[in-house]
Number of protein chains: 4
Amino acid sequence: MFTPDEHGFTGGSVTGSPGRAQDADQAARVVRAEWRTRQLLSAAARLMERDGFHGVSMQALADEASVSVGLIYRYFGSKEDVLLAVIVEVLNAFDATVPAAVEAAGADPVERIAAAFRAYCGVINTHRHAAVLTYRESKTLGTRHRDTIKSLEVQTTAPLRAAIRDGVEAGLLTADVDVELFALDLILLAHAWALKHWYFGATLSFETYVTRQTALALRAVVDPAHRDDYRHLLAPRT
Amino acid sequence: MFTPDEHGFTGGSVTGSPGRAQDADQAARVVRAEWRTRQLLSAAARLMERDGFHGVSMQALADEASVSVGLIYRYFGSKEDVLLAVIVEVLNAFDATVPAAVEAAGADPVERIAAAFRAYCGVINTHRHAAVLTYRESKTLGTRHRDTIKSLEVQTTAPLRAAIRDGVEAGLLTADVDVELFALDLILLAHAWALKHWYFGATLSFETYVTRQTALALRAVVDPAHRDDYRHLLAPRT
Amino acid sequence: MFTPDEHGFTGGSVTGSPGRAQDADQAARVVRAEWRTRQLLSAAARLMERDGFHGVSMQALADEASVSVGLIYRYFGSKEDVLLAVIVEVLNAFDATVPAAVEAAGADPVERIAAAFRAYCGVINTHRHAAVLTYRESKTLGTRHRDTIKSLEVQTTAPLRAAIRDGVEAGLLTADVDVELFALDLILLAHAWALKHWYFGATLSFETYVTRQTALALRAVVDPAHRDDYRHLLAPRT
Amino acid sequence: MFTPDEHGFTGGSVTGSPGRAQDADQAARVVRAEWRTRQLLSAAARLMERDGFHGVSMQALADEASVSVGLIYRYFGSKEDVLLAVIVEVLNAFDATVPAAVEAAGADPVERIAAAFRAYCGVINTHRHAAVLTYRESKTLGTRHRDTIKSLEVQTTAPLRAAIRDGVEAGLLTADVDVELFALDLILLAHAWALKHWYFGATLSFETYVTRQTALALRAVVDPAHRDDYRHLLAPRT
DNA sequence: CATGAATGAGCCTTCATTCAT
DNA sequence: TATGAATGAAGGCTCATTCAT
């Protein structure tokens, strides 16, 4: 699990109050701090998805979150940090969701690939607001932040790449599949769901989208010899 | 072919001079104007791809193009107009390239699909700078401009969609292919080449990328009965 | 009394603090805000009278008022709004001064006319800087603002017109007096005091100016039969 | 007659063409130059009256006059010079009109005053566009130009002041009339005709305005003993 | 004489960030 | 902790003026 440098609440000793009461205070403080953070990130994601990073002023963000401008700076060092945190939140959600989904799919590599893809799409669907930001505003961030994201993305897509590799090695996928490339394509298709409103209209439901894309993608790589085993994935009724 | 309202050089023909000489003047002026436009758009694409629309100031643009700020406004009404023009230039390039490439590929729908995809990728490779902008900065533009782009994109992808539809109807592609979805996916894969430096590193050559993606995509849709006919596309040696 | 929409300090009362303390805060804030406004308007009037609306940059205004440029925009939405506020201030001063002066002059219509005129001149003398702006920069403002001013001016000159009308009806002024025209002329003569430095030099004192103009104007309209009653106005010793 | 420093067409010897032909050339040139000047000043007056000095760009002026921007600078040294020339044109018109009108009115001082006033109003009515500029944009001009205007105005109002002085000395006006002040008032009333559209609406015709103002003003100063002699001026039927 | 492309200083305005309360 | 007044750098854009043709 990744935790950005959200201003490092070390919560050091303050002044001179007894221990027990202080602990309670601290706990309450932490709770409130987390609530604030969530409140702010949620507002930021909503606003930035709609108006873009540069289209959202700190004042607007403060208004949307019903706090003062100054308070934002207690939780984030700069406007860029807010953006980074929003993006990181999505990437963390991948890490919190995808591995579990893959595990739940059982041992079969092809099933795991399908599960991973579906989980990716699910996270993107949930954080649709923020997901677009990853694409649109990465260049906005400085190199350091960008590297943070980059490595998070690699880490995040690891389960998918692993499943694909397993599939090839198990002979379930054709031997000539380029693991990296296929993984990239699946990620792209997942992201496309977030971009699709603007690019595509609202013709497909989420379910249909995932099912069809899964079928399309897998048909390209499943070894002909095992096609029948995955008919439920390759030729869905929808 | 689309031409944005680049400020409509009506040019005020005035009093009473011959006409031949004036025509020459006008012609020379138009030539220079077009040169300036190209010069500016090229600089804009380079800079905006690197720093994003908001990261490029008009001053910076002027410097990069070695002109004064004021002059930019003779050719574009606003900063947004510059962005629009950059984007439109790519889209026009599609229109100028793809249909010809498709025709040159002969009558076979599958060959035409492959040719269209390759052509798309080629245009994106050429205008790599500008292509990224289409993704990143569309939200930046006002609704009117956005609609302009949207309709251009639809128009631009028409040849590809047509070829796919033909393929399905000719029984070369499996009957259950979702034309729109498959077209979208191919476009995405083409665009991905522009996004890949940031997303992927520089492992693949353009040739390899196109060949492999073509194979991957087509394998998902070509009817098993015709696989052998397209072995050169489906199972390239690279 | 007119109050322009000076940015409507709604002020965001937030969480849950007592109220008394907050009220005090709010009150203090309002006081400071009003002080700022006055400070800014005063600087604006001074500068604009000297250099004209277009001759004063926001930077210059900020410097003169010893604040930052940005702060001006907390109090006024735009440069035009500053001009409007300056002008409105004068017009409000009329409303706050003239009626009282007229009342204090007693019931006699002629005395009331003289008192109104003197009061007008007094306000203009006090706000000499700003008064000139009304003439010079009305065209600068947009139609909406211009209408605001126009209706304020009408409202502001009402007491004078009423007194003249009463005078005519009471038979103190000759029956053929054109009420509107005579009122306009008096207003003009009052404004002329503000324009006179540039137009006239500094030969006359305020007192002398008012007294003489009153005499001159009234002599044109007071009915010969009542001349003697107003000798103190018609033939002053100065 | 005043002639501003309109770039001093000394029209010196050019190169080496014969005398006669050159003279013709010169003449033609001068004619065209004057035509251009008039064309430009007319356009400038129209535009500036509508949009104010600062609201008119040199480009707009060029367009309105159907010439190029560059050409304007052959006739006027700067934008300010254009404004000055426009204003000076009105003041010259006074000089060209008022004295003649005064002479034509005969020897009677009161008649001369009335004639002068009517002539002033007439000029202002004709150059209404430009007249407003005198008020609105004098501050725009530098000190030097402003002094030019000031002295022109003094020179221009001389006939009126002379007539008033004569009237007082002849005992036709009451002895206590302040010559300078009364002259100023009359000039103001004349100018008011130009300002009135904005200040007053369009209720009065020019004729009515002049007649009524003349009556009003003269009634204030004509000696009671001579009232009957000027009944046609003091109590017009309109 | 005439044109209009080109320049660049300067203007209004916004907004991230700070800090006294 | 929380507020929001205050700052000032920077940005987009305009426009008077020049100059090569």
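Letters A, B, ... are given to chains in the order of the sequence lines, protein chains preceding strands, and every chain is numbered from 1. Values below: all heavy atoms of this structure, side chains included; hydrogens, waters and symmetry mates excluded.
Each of A:V67 and B:G70 lies near DNA chain F, and the nucleotide nearest A:V67 is the one positioned closer to the 5' end. Toward the 5' end of DNA chain F, the nearer of the two residues C:R32 and B:V69, judged by each one's closest nucleotide, is C:R32. Two residues, B:S66 and C:E80, neighbour DNA chain E, and the one matched to the more 5' nucleotide by heavy-atom proximity is B:S66.
Residue B:F76 contributes atom CZ, which lies 15 Å from atom P of F:dT14 at whole-angstrom precision. Residue A:R74 contributes atom CZ, which lies 14 Å from atom C1' of E:dT17 at whole-angstrom precision. Atom CG in C:D81 sits about 11 Å away from atom P in E:dT14, given to the nearest Å. Between A:L61 atom CG and F:dT3 atom C1' there is a gap of 15 Å when expressed in whole angstrom units. Computed from coordinates, the B:L71 CG to E:dA9 P distance equals 16 Å when rounded to whole Å. Between B:Y75 atom OH and F:dC13 atom C1' the separation is 18 Å, expressed in whole Å. Counting to the nearest Å, the P atom of F:dA10 and the NE2 atom of A:H54 are 16 Å from each other. Taking atom CD1 of D:I72 as the reference point, atom P of E:dG4 lies 12 Å away to the nearest angstrom.
The phosphate of F:dA2 has neither OP1 nor OP2 within less than 4.0 Å of any side-chain N or O from A:Y73. Proximity of D:R36 to the phosphate of E:dC1: no side-chain N or O atom is located under 4.0 Å from OP1 or OP2. OP1 or OP2 of E:dT7 lies within a sub-4.0 Å distance of a side-chain N or O belonging to B:S68.
Rounding to the nearest 0.5 Å gives a distance of 10.0 Å between OG1 of D:T140 and CG of C:D51. Note that CG of A:L41 and CD1 of A:I87 are 11.5 Å apart. Values are rounded to the nearest 0.5 Å.
Within the 4.5 Å cutoff, the side chain of C:H145 has heavy atoms near those of the C:D81 side chain. Contact check for D:V30 versus D:E34: side-chain heavy atoms found under the 4.5 Å cut-off. Side-chain contact between C:T37 and C:F76: present, with at least one pair of heavy atoms (C-beta onward) separated by less than 4.5 Å.
Within the 4.0 angstrom heavy-atom criterion, only backbone atoms of the sugar-phosphate kind lie near B:M58; the bases stay farther away. Heavy atoms of C:V56 sit under 4.0 angstrom from primed sugar atoms or phosphate atoms, though from no base atom.
In this structure, F:dG8 and E:dC15 make a Watson-Crick or G-U wobble pair, each of the two defining distances being under 3.5 angstrom. Nucleotide F:dT21 forms a pair with E:dA2, judged by Watson-Crick or G-U wobble geometry with both contacts under 3.5 Å.
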